[in-house]
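What follows is a short report on a single structure.
From a predicted model like this one, the values you see are computed outputs, not experimental measurements. FYI, the numbering just counts along the sequence from 1.
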Amino acid sequence: MKPNKSILIVLFLAFLLTACGKETLLLEASDYELNQSSHTTSKGIGIGGTPEEFLAAYGSYEIATSIEYGPFEALEPKEIPFTESIRTILPTFFIDGLPASIEQICTENEIERTQLLSLLSSEEYLQKHKVVYHYMIFTWEDGLISDIHSEFMDYNEDASYYEDLEAEPAK
């Protein structure tokens, strides 16, 4: 089953806009695993978690925030309005199994940020590399985590799908 195209566009654009010019830690693939029985992250964050617990576990990583299901935007951890209806996302690209920042991918391939999706979905690049985009979304209500989803998109399985995303106008 393919994820909803508009959600993928928003998530990808959010990732492109987060932490510009700021070096942050990158999550490992194992950090995106959820314990299915307790519905907690590998860092022990679960439903009912508080902003303090969340920031202690993830405050050093790239976090984008969507307020009332609007567009994701980069906010400093202290600026995230946890008491409002928000979603936070923790995204990471993995190239050949290793976490990579957008800046790193762009520098290594001598491209601009606007060319990233074209690069990562190109047949030539995908013949040489395995590209996976992991993201974890935390939904917040009244200052507590109400839901957690961890998902990934494998560009090698269906690069043409991601090329379609680039061609589709953002709404």
Inset, instruction - May I ask you to check whether Tyr58 and Phe138 place their ring centres under 6.0 Å from each other? - result: yes

Inset, instruction - Would you indicate whether the side-chain heavy atoms of Ile137 and Thr88 approach each other to under 4.5 Å? - result: no

Inset, instruction - Report the distance from atom CD of Glu53 to atom CD1 of Ile45, rounding to the nearest 0.5 Å. - result: 5.5 Å

Inset, instruction - Would you check if Ile80 and Pro51 make a side-chain contact, meaning some heavy-atom pair closer than 4.5 Å? - result: no

Legend entry - Residue Asp142 excluded, over 12 heavy atoms near CG under 6.0 Å: no

Inset, instruction - Give the C-alpha distance, both sets of side-chain angles, the deciding distance and a yes or no for side-chain contact (heavy atoms from CB on, under 4.5 Å) between Thr139 and Tyr69. - result: CA-CA 10 Å; Thr139 303; Tyr69 293 92; 3.9 Å; yes

Legend entry - Close side-chain approach of Cys106 and Glu112, heavy atoms under 4.5 Å: no

Inset, instruction - For Glu110 and Glu108, indicate whether the former's side chain and the latter's backbone hold a donor-acceptor pair under 3.5 Å. - result: no

Legend entry - Leu126 backbone acceptor or donor facing Asn156 side chain under 3.5 Å: yes

Legend entry - Inter-residue atom distance Ile105.CD1 - Leu120.CG, 0.5 Å rounding: 5.5 Å

Inset, instruction - Flag the pair Met136 / Tyr61 as yes when at least one side-chain heavy-atom distance between them is below 4.5 Å, and no otherwise. - result: no

Legend entry - Nearest-0.5 Å distance that lies between atom CG in Leu75 and atom CD1 in Ile67: 6.0 Å

Inset, instruction - Flag the pair Ser66 / Ile89 as yes when at least one side-chain heavy-atom distance between them is below 4.5 Å, and no otherwise. - result: no

Legend entry - Under 3.5 Å side-chain donor-acceptor pair for Thr65 and Glu73: no

Legend entry - Test side-chain contact (heavy atoms from CB on, under 4.5 Å) applied to Ser85 and Glu141, step by step: CA-CA 5 Å; Ser85 291; Glu141 296 293 335; 2.9 Å; yes

Legend entry - Side chain to side chain, Lys78 and Leu55, heavy atoms closer than 4.5 Å: no

Inset, instruction - Verify the neighbour count for atom NE2 of His149: are there more than 12 heavy atoms of other residues, nucleotides or ligands below 6.0 Å? - result: no

Legend entry - ILVMFWY network linking Leu98 to Val131, side-chain heavy atoms under 4.5 angstrom: no

Inset, instruction - Enter the distance from Glu62:CD to Leu25:CG here, rounded to the nearest 0.5 Å. - result: 10.0 Å

Legend entry - His134 side-chain N/O to Ala29 backbone N/O, donor-acceptor pair under 3.5 Å: no

Legend entry - Any side-chain heavy-atom pair of Leu26 and Phe94 under 4.5 Å: no

Inset, instruction - Look at the side chain of Ser122 and the backbone N and O of Leu119, then say whether any donor-acceptor pair between them is shorter than 3.5 Å. - result: yes

Legend entry - Test item: Tyr32 side-chain N/O and Thr92 main-chain N/O as donor-acceptor pair under 3.5 Å: yes

Inset, instruction - Could you tell me the separation between the CZ atom of Phe152 and the OH atom of Tyr135, rounded to the nearest 0.5 Å? - result: 9.5 Å

Legend entry - Path from Ile63 to Leu144 over hydrophobic side-chain contacts below 4.5 Å: no

Legend entry - Pairwise distance OH(Tyr133) to CD1(Ile95) - rounded to 0.5 angstrom: 12.5 Å

Legend entry - Exam field: side chain Ser150 to backbone Glu33, donor-acceptor pair closer than 3.5 Å: no

Inset, instruction - Please say which of Leu34, Ile145, Asn35 ends up in a side-chain contact (heavy atoms from CB on, under 4.5 Å) with Thr40. - result: Asn35

Inset, instruction - Please collect all salt bridge (charged side-chain N to carboxylate O under 4.0 Å, His left out) contacts where either partner lies in residues 124-140, sequence neighbours excluded, each pair once. - result: Glu124-Lys128, Lys130-Asp154

Inset, instruction - For residues Gln104 and Thr107, determine if any side-chain heavy atom of one lies less than 4.5 Å from a side-chain heavy atom of the other. - result: no

Inset, instruction - Give the cluster check for Met153 versus Tyr125: same hydrophobic cluster or not, with ILVMFWY residues linked at side-chain heavy-atom distances below 4.5 Å. - result: yes

Legend entry - Pair Ile47-Ile148, side-chain contact (heavy atoms from CB on, under 4.5 Å): steps then yes or no: CA-CA 7 Å; Ile47 304 297; Ile148 304 171; 4.2 Å; yes

